[in-house]
2 protein chains.
Amino acid sequence: MSPHSTRKPDFSAYPRPSVAVDVALLTVHEGQLRVLLLPREEPDLGGAWALPGGFVRLDEDPDDAARRVLAAKAGLEGVFLEQLYTFGSPERDPRGHVISITYYALVDHRRFARLSPAVRHVVATLEVPWEGEAGGPVIARDPEGRVLSLAFDHAAILGMVVKRLRGKLDYAALGFQLLPRRFTLRELQTVHEVVLGRELNKDSFRRRMLASGLIEPTGELERDVLHRPAELYRISRQSAV
Amino acid sequence: MSPHSTRKPDFSAYPRPSVAVDVALLTVHEGQLRVLLLPREEPDLGGAWALPGGFVRLDEDPDDAARRVLAAKAGLEGVFLEQLYTFGSPERDPRGHVISITYYALVDHRRFARLSPAVRHVVATLEVPWEGEAGGPVIARDPEGRVLSLAFDHAAILGMVVKRLRGKLDYAALGFQLLPRRFTLRELQTVHEVVLGRELNKDSFRRRMLASGLIEPTGELERDVLHRPAELYRISRQSAV
DNA sequence: AAAATAGTGTCTATGAGACACTATAGT
DNA sequence: ACTATAGTGTCTCATAGACACTATTTT
């Protein structure tokens with residue numbers, strides 16, 4: 001169990017769990033949190049849906065493995081990606097002991113996984129059955145509103161993602177990651193409201209955001225709206241994550 | 001890389017990294033953050049000090065592995081233990097690719113690892129060279145003030161522990177874990193000040209703690225102090241972690 | 001002009017910090 | 001009585017929420 005003093009211990013001599021990464025790719029669109037799910041065809045898993053994932057290769061950094069999965073299964077590069085938690089219960093995968101290092105990725109809905117229709121996948125909406133940061137599993141629905149069965153502990157993982165987002169939203173530059181490079185304060189507020197699951201005070205939200213120094217005005221205005229156009233903002237230089 | 005549809009895939013056929021747990025056992029004593037370190041005798045590691053750790057066994061839950069390590073190497077059971085982060089860079093261990101799921105454990109200094117003097121170990125004090133939640137590695141010193149060389153990425157891990165503690169202290173029941181079951185508000189404030197690395201306002205701290213509902217008065221007073229004794233408090237029932 | 005949302009100014013409520021004061025143990 | 005810290009009351013200041021008002025675009 002404990003490393004010892006032979007010069008090059010052959011770690012592979014010990015039976016060991018496998019290590020995977022799973023990535024929750026999220027976006028906000030039409031007032032809803034959305035996540036990419038892929039089908040699992042294995043008979044043991046009963047046709048359930050799962051987060052994109054894959055095994056961590058020997059001598060591969062788990063962060064790189066997560067980026068590789070995102071590129072291979074969602075066609076995305078250069079998106080915001082952060083480690084969430086590591087799940088390792090021996091019972092979480094019926095096929096064997098797989099420890100999953102989980103990540104969440106945030107992206108503007110316009111860049112969200114543009115997968116060929118030939119690749120089976122679903123952009124599920126998330127329903128959060130708890131308030132604030134209480135925590136717990138969430139429910140995924142397909143675009144027609146049908147509840148989707150999630151493989152492994154992925155409902156719990158997604159619940160923890162939402163909990164983490166709610167906790168970090170206020171003090172970290174997270175909300176911007178779900179928007180295009182230029183956005184209005186109203187769009188940013190809507191993103192915050194969707195993630196937090198509650199309405200926010202407009203005046204106070206504006207003041208907090210402007211005072212935070214995380215964003216700066218561009219001087220440009222939005223176009224083609226049926227009302228007074230709002231100014232476009234961007235992430236300010238020093239707050240680049 | 002991706003799981004496929006054979007009924008019982010032999011995961012062990014793929015070369016894979018090993019998985020370990022490392023546990024930062026912390027306490028607060030005499031105005032300082034302290035951590036248990038054990039010596040690494042391997043020639044590759046140059047006699048550096050390290051967090052207690054061990055490999056995760058096949059079909060063992062990583063949480064259980066962390067508890068096992070804590071019991072075996074610090075003689076402690078039933079302490080507060082929480083997962084921190086998973087470090088998996090292939091370069092972090094010169095002997096091979098070891099992914100480390102790291103934990104932190106908090107305990108009252110009177111219960112802190114009572115190891116036999118025959119077991120080589122050191123209770124190091126932590127020096128945090130940054131303010132607030134800026135983050136970064138920390139410096140460990142032995143009781144005589146000498147800087148200790150830390151193995152692997154353990155200086156960075158300890159830095160992340162401190163950062164996490166500072167972030168969670170205000171809204172989670174963490175500070176109590178570093179104190180005996182009954183404590184005065186002044187003791188609790190000192191613990192917060194040591195973790196946060198800055199002084200706190202007494203009046204405001206008292207008000208916040210009492211208003212939080214996390215603690216309740218016991219009616220008892222401390223004894224054998226050279227001044228007016230303070231009331232003893234305990235964690236309130238509903239806030240049990 | 002009407003509709004709809006952007007954006008501003010001001011009042012109020014709440015909570016943190018500052019400070020002064022009183023209370024009570026041991027010596 | 002003296003010392004040191006516990007604990008309380010009150011004032012001030014900063015910030016969030018509420019609300020009223022003005023501004024500016026498209027139709």
Side-chain angles (χ1 to χ4, degrees), chain A residues 30-31 131-133 166-172 175-176 179-180 182-234 236, chain B residues 30-31 131-133 166-172 175-176 179-180 182-234 236:
Chain A
E30 292 171 346
E131 305 228 325
E133 294 181 52
R166 287 184 176 180
K168 288 194 80 168
L169 201 55
D170 262 345
Y171 71 92
F176 322 124
L179 290 170
R182 311 201 157 192
F183 51 86
T184 68
L185 286 175
R186 191 68 189 84
E187 290 173 321
L188 183 59
Q189 182 175 345
T190 299
V191 162
H192 278 235
E193 288 175 338
V194 170
V195 171
L196 294 175
R198 64 187 174 89
E199 299 201 339
L200 295 173
N201 181 278
K202 170 182 136 188
D203 316 56
S204 160
F205 182 80
R206 291 179 61 86
R207 266 179 307 198
R208 271 195 298 126
M209 282 303 134
L210 296 175
S212 75
L214 292 175
I215 60 176
E216 61 188 18
T218 63
E220 294 172 62
L221 300 179
E222 62 180 338
R223 290 151 174 269
D224 301 321
V225 287
L226 332 159
H227 50 76
R228 174 176 174 181
E231 184 163 8
L232 293 170
Y233 288 77
R234 64 173 162 237
S236 65
Chain B
E30 292 171 346
E131 306 229 324
E133 293 180 53
R166 288 184 176 181
K168 287 195 79 168
L169 201 55
D170 262 345
Y171 72 94
F176 323 124
L179 290 171
R182 312 204 155 191
F183 51 86
T184 68
L185 286 175
R186 190 69 188 85
E187 290 173 320
L188 184 59
Q189 182 175 345
T190 299
V191 162
H192 278 235
E193 289 176 338
V194 170
V195 171
L196 294 174
R198 63 187 174 88
E199 300 201 339
L200 295 173
N201 180 278
K202 171 181 133 189
D203 317 55
S204 161
F205 182 80
R206 292 180 61 86
R207 265 179 308 196
R208 271 196 297 126
M209 283 303 135
L210 294 175
S212 75
L214 292 175
I215 61 175
E216 62 188 18
T218 64
E220 293 172 62
L221 299 179
E222 62 181 339
R223 288 151 175 272
D224 302 320
V225 287
L226 332 158
H227 51 77
R228 173 174 173 182
E231 184 162 9
L232 293 170
Y233 288 77
R234 63 173 162 238
S236 64

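We name chains A, B, ... by the order of the sequence lines, and we start the count at 1 in each one. All values reported here derive from a predicted model rather than from experimental measurement.
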Looking at residues at least two apart in the chain, or sitting in another chain, which of them share a side-chain hydrogen bond (donor to acceptor under 3.5 Å, both in side chains) with A:Q189?
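If we apply the side-chain hydrogen bond (donor to acceptor under 3.5 Å, both in side chains) test to A:Q189, skipping adjacent residues, the hits are A:E193.
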When you measure from every atom of DNA chain C, which of residues 192-201 of chain A have a heavy atom less than 4.0 Å away?
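Hits under 4.0 Å, by residue number: none.
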Please report the distance, rounded to the nearest Å, between CZ in A:R186 and P in C:dT5.
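In whole Å, C:dT5 P and A:R186 CZ are 9 Å from each other.
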Can you tell me the distance, in whole Å, between the CZ atom of A:R223 and the C1' atom of C:dA6?
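After rounding, the gap between these two atoms is 17 Å.
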Output all residues satisfying side-chain contact (heavy atoms from CB on, under 4.5 Å) with A:R228, sequence neighbours left out; order by chain, then residue number.
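For A:R228 there are no side-chain contact (heavy atoms from CB on, under 4.5 Å) partners, ignoring immediate neighbours.
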Looking at residues at least two apart in the chain, or sitting in another chain, which of them share a side-chain contact (heavy atoms from CB on, under 4.5 Å) with A:T190?
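For A:T190 the side-chain contact (heavy atoms from CB on, under 4.5 Å) partners, ignoring immediate neighbours, are A:R186, A:V194.
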Atom of B:E131, atom of B:R166 and distance for their closest heavy-atom approach
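Result for this residue pair: C-NH1, 3.7 Å.
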Which residue pairs satisfy the ring-ring contact (aromatic ring centres under 6.0 Å, His included) criterion with at least one member in residues 185-206 of chain A, sequence neighbours excluded?
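Every ring-ring contact (aromatic ring centres under 6.0 Å, His included) pair that includes a residue of residues 185-206 of chain A, provided the two are not neighbours, is A:H192-A:F205.
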Under the side chain to side chain contact (heavy atoms under 4.5 Å, CB included) test against B:R206, which residue among B:N201, B:L185, B:L200 passes?
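Passing option: B:L185.
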Want to settle it: does B:E222 or A:R208 sit nearer the 5' end of DNA chain D, counting the closest nucleotide to each?
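Final value for this comparison: B:E222.
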With nearest nucleotides of DNA chain D determined for A:S204 and B:L226 from heavy-atom distances, which residue corresponds to the more 5′ nucleotide?
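Residue closer to the 5' terminus by nearest nucleotide: B:L226.
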About how many Å separate CG of B:L232 and CZ of B:R223, when rounded to the nearest 0.5 Å?
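Atom-to-atom, B:R223:CZ and B:L232:CG are 9.5 Å apart.
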Neighbour count >12 (heavy atoms, 6.0 Å) for atom CD, A:E199
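Counting neighbours around CD of A:E199, 12 or fewer heavy atoms of other residues, nucleotides or ligands fall under 6.0 Å, so no.
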Review item, nucleotides 7-10 of chain D N/O atoms under 3.5 Å of protein N/O:
| from | atom 1 | to | atom 2 | distance (Å) |
| --- | --- | --- | --- | --- |
| D:dG7 | OP1 | B:E231 | N | 2.8 |
| D:dG7 | OP2 | B:R206 | NH1 | 3.3 |
| D:dG7 | N7 | B:K202 | NZ | 2.9 |
| D:dG9 | O6 | B:D203 | OD2 | 3.2 |

